[in-house]
Amino acid sequence: MSKQKAVDNFERWAQLVQSIAETRGSNAKIELCANYLAQLSPSQLALACQYMGEGAFSNISGKRASIGSRTIGMAAADYCKIDYDIVFKACRTATGSSTETIQRLFENLTETRQKNILRHWDLAHISELAEKLAQTRARKDKQRILTRIWSGLSPLASKYFVRLLSQGSLRIGFESRSILQALAKIYEVDYEQLRYAHMLTGSIAKTAELVSTHSLDQAQFKLFNPIAFMLAAPIQSRSVKDWDTFIAEEKFDGMRCQLHAYGSKVELFSRDLNVVSNQFPELVDSFAIKDLPPVVLDGEICVFRESIIQPFQDLQKRMGVKKPTQALLSKYPVVFIGYDVLFLERESTVKQPLTQRRISIEKLSKTYKFPISSQHAVSSKKQVEQLFEQALAHGNEGLMLKQKNAPYSFGERKNHWLKVKQPSGSIDTVILYAQAGSGKRGGSYSDFTLGVSVKNDARYEEEFIPIGKAYGGYTDQEWKQLNKAIKGCIINRFGPTAQLHPEIVVELEFEAIQPNPRTKAKYTLRFPRFKAIRWDLSPSDVDSLEHVEMLFEEHQSKKRNPQKSSHSFLKPE
DNA sequence: ACTGATGCGTC
DNA sequence: GTCGGAC
DNA sequence: GTCCGACGACGCATCAGT
């Protein structure tokens, strides 16, 4: 085998990734990565970067392996000739990770090891194998292909192959930013320039290819190529005093959308840059007949009926439907509300200050008759509070505060845009079940099922019934305290789940109460999280289901104001 | 042809 | 979407 | 000041099992 081949193969890549995972400190990680990448040819480099930053498929390919943790876990159990439910799941609970479990089982089971013949596949071949999995429909066939792949890979490489198949990251504390830094180092280019190019290409592989062939200037903002959205931070993360440097808009509870248009061609992109044009044909049609100049708009899709913005749950009925029927279209009619312009005529406008972009979008809205958000000048906290109340009355989530002179920082969550929200409420609940977490939360209980009281409720036999699950909102220290307390009240175990004697009271905060007939309580919480562990309270203090129902009714009775005397958005006639 | 589990993407 | 914590 | 992983509910599409 030639020297080149050894560097190029997937085993070597997996070893490098493992050593990055084990190394502390991002500079050291970048150094390791740069040393490895520097040995690769341009085409290998692109793949190596893609695998590290994006997975088996490039972000812009739109491809998916469509194979989830259960299918993979069962294939692994089958390959190792162990029981999935009893052995595999238990190992996963102990290690906190499916892929870690796979590596250890493959290493330690003699029979499995004997099936293993290293094939030393190169990086390109790994792409072909992933492609084959993506093209296979039936889960059984996927599992068969997967086990065949494992038999040709080391346990370590098998672990990382599985991680490549998932949409998320490799979880080695080394994300796209670090890969870009390594590339910047090797090719001696400015990191900011590289980041900018990366945003425009939307793909690490493509960026790596451009930088390695010294053609970064080819990365350009192109119509019908989406770019990452600018994101907002919660206002609590910044103490605002200079109110007048911001403008306010209502924060719509809809779906973020980037609209690209030129003449009769229109394309819609979601927050993750997926094409969603098929889901919203009426939007595509209505913009197609406007004969717009080349333009990219940022905005929100909402269900809008009888002059009232409808709840997010209505929109959910449209989001996943790729071929909506006429009946669905008329039951849940949508609007696109524009609030920013990122490209106009021949050039990107992202570097312009917001005020200037606003002038452009107002002009466009007037000429081509499409809705844009209402914008308000603000000068005091009091005024912001008034606008906030008005936003809620319109059925919106709250406000967005946007810095007037800020550019559109695509792909970043900066303090230039702030979201103003208020938790809808909180209830006192009791922990009923605890489950082990995964990754850095592996091995300890970190995932809790919380219940409300139905003690005096004729409809139920039980004392408490689940209202939701929560993980977030407590600190590492509280997490330790919780685990200590839980040990004392376990009354039953079902695999990784422990049933607890109801003792620990948690104040649970949420964004909304949603009716859901499929659950025992008939209600669930939107965005539930710990507000406080109430060591001072006892189970008898836990709120009742009736209380939850009352909160829901209270909220439900508040009418959503029609867009008449005041407006969340403006639609020129 | 129907039902329930699983996967995926939205917030 | 949410959060706490790492960097 | 930003980024990142580890998590929530929901609805639709797709597939496995009957």
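All chains are named by letter (A, B, ...) in the order of the sequence lines, taking the proteins before the strands, and each is independently numbered beginning at 1.
- Against DNA chain D, the stretch residues 510-518 of chain A makes heavy-atom approaches under 4.0 Å through A/Q514, A/N516, A/R518.
- Between A/D78 and A/Q143, the closest side-chain pair of non-hydrogen atoms is not below 4.5 Å.
- Legend: residues meeting ring-ring contact (aromatic ring centres under 6.0 Å, His included) with A/F269, ordered by chain and number and at least two apart, are A/H260.
- The shortest distance between side-chain heavy atoms of A/K421 and A/Q236 does not fall below 4.5 Å.
- For the OP1/OP2 pair of B/dC8 and a distance below 4.0 Å, the side-chain nitrogens and oxygens of A/N274 include no atom meeting the criterion.
- Looking at A/I431, A/V430, A/T429 one by one, the single match for side chain to side chain contact (heavy atoms under 4.5 Å, CB included) with A/I504 turns out to be A/I431.
- Using atom C1' as the reference point in both C/dA6 and B/dT3, the two lie 46 Å apart (nearest Å).
- Across all strands, A/R318 comes closer than 4.0 Å to no nucleic acid atom at all (heavy-atom distances).
- A distance-only check finds no donor-acceptor pair linking the side chain of A/Q103 to the backbone of A/E100 [under 3.5 Å].
- Contacts between residues 467-478 of chain A and DNA chain D, defined by a heavy-atom separation under 4.0 Å, are made by A/K469, A/Y471.
- Among residue pairs with one or both ends in residues 393-428 of chain A, those qualifying as ring-ring contact (aromatic ring centres under 6.0 Å, His included) are A/Y196-A/F410, A/Y408-A/W417; sequence neighbours excluded.
- Across the protein-nucleic acid pair, A/R271 atom CZ and B/dC11 atom P stand 6 Å apart, rounded to whole Å.
- Applying the ring-ring contact (aromatic ring centres under 6.0 Å, His included) criterion to A/Y445, with sequence neighbours excluded, gives no partner residue.
- Contact annotation: A/S438 does not reach the phosphate of D/dA6 (side-chain N/O to OP1 or OP2, under 4.0 Å).
- If you measure from atom CD of A/E397 to atom P of B/dT10, you get 16 Å, rounded to the nearest angstrom.
- Summarising the geometry, the separation between CG on A/L268 and P on B/dG9 is reported as 17 Å, rounded to the nearest angstrom.
- When rounded to the nearest whole Å, the span between CE of A/M255 and C1' of D/dC12 equals 13 Å.
- The residues A/K402 and A/D340 are annotated as not salt-bridged, no charged nitrogen and carboxylate oxygen being separated by less than 4.0 angstrom.
- Taking only side-chain nitrogens and oxygens, A/T71 comes nearer than 4.0 Å to OP1 or OP2 of B/dG7.
- For the residue pair A/Q403/A/T245, the side-chain donor-acceptor check at 3.5 Å is not satisfied.
- Legend: residues meeting salt bridge (charged side-chain N to carboxylate O under 4.0 Å, His left out) with A/E553, ordered by chain and number and at least two apart, are absent.
- Rounded to whole angstrom, the span from the CG atom of A/L231 across to the P atom of D/dG1 amounts to 18 Å.
- Rounded to whole Å, the distance from CG on A/N415 to C1' on D/dC3 is 13 Å.
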Which atom pairs link the protein and nucleotides 15-18 of chain D when you take only N or O atoms and keep those under 3.5 Å?
residue	atom	partner	partner atom	Å
D/dC15	OP1	A/R137	NE	2.9
D/dC15	OP1	A/R137	NH2	3.1
D/dA16	OP1	A/R139	N	2.5

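- Within the 4.0 angstrom heavy-atom criterion, only backbone atoms of the sugar-phosphate kind lie near A/I67; the bases stay farther away.
- Considering A/F448, A/Y471, A/F510, A/W479 as possible partners of A/F530, the one that fulfils the ring-ring contact (aromatic ring centres under 6.0 Å, His included) test is A/F448.
- Side-chain contact between A/L194 and A/Q181 is absent, with no heavy-atom pair separated by less than 4.5 Å.
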Decide side chain to side chain contact (heavy atoms under 4.5 Å, CB included) for A/K132 and A/R148; before the verdict, give the C-alpha distance in whole Å, the side-chain angles of both, and the deciding distance to 0.1 Å. CA-CA 12 Å; A/K132 207 161 153 194; A/R148 226 174 26 227; 3.6 Å; yes

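- One interatomic measurement links the two molecules: CH2 of A/W479 to C1' of D/dG5, which rounds to 12 Å at whole-angstrom precision.
- Judged by distance alone, with hydrogens and angles left aside, A/Q313 brings no side-chain donor or acceptor close enough to the base of D/dC10 to form a pair under 3.5 Å.
- Side-chain N/O atoms of A/Y339 and A/E300 include a donor and acceptor closer than 3.5 Å.
- The distance from atom OG of A/S178 to atom CD1 of A/I30, rounded to the nearest 0.5 Å, is 4.5 Å.
- Ring pair A/Y433/A/F494 is tilted by interplanar angle, where 30° to 60° counts as tilted.
- When side chains are defined from C-beta on, A/T101 does not count as touching A/S98, because their heavy atoms never get closer than 4.5 Å.
- Residue order along DNA chain D, read from the 5' end via each residue's closest nucleotide, puts A/R195 first among A/D447 and A/R195.
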Can you check side chain to side chain donor-acceptor pair (under 3.5 Å) on A/Q18 and A/Y160, steps first, answer last? CA-CA 9 Å; A/Q18 181 67 24; A/Y160 284 116; 2.8 Å; yes

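- Heavy-atom distances under 4.0 Å link DNA chain C to no residue of residues 324-340 of chain A.
- Of the inter-residue distances, the one linking A/N396 atom CG with A/F388 atom CZ reads 10.5 Å to the nearest 0.5 angstrom.
- Between the C1' atom of D/dT2 and the CD atom of A/E192 lies a distance of 13 Å, rounded to the nearest Å.
- Every ring-ring contact (aromatic ring centres under 6.0 Å, His included) that A/F336 has, sequence neighbours left out, goes to A/F287.
- A heavy-atom distance below 4.0 Å to DNA chain C is reached by these residues of residues 419-428 of chain A, ordered by number: A/K419, A/K421.
- Here the separation of B/dG7 from C/dT2, taken at their P atoms, is 27 Å to the nearest Å.
- Between A/L508 atom CG and A/D428 atom CG the span is 9.5 Å, to the nearest 0.5 Å.
- Less than 4.0 Å separates DNA chain C from at least one heavy atom of each of the following residues of residues 521-532 of chain A: A/F527, A/R529.
- First and last contacting nucleotides of DNA chain C toward chain A (any atom under 4.0 angstrom from a heavy atom, 5' to 3' order): C/dG1 to C/dC7.
- Using a 4.5 Å heavy-atom cutoff, the side chains of A/M255 and A/R271 are not in contact.
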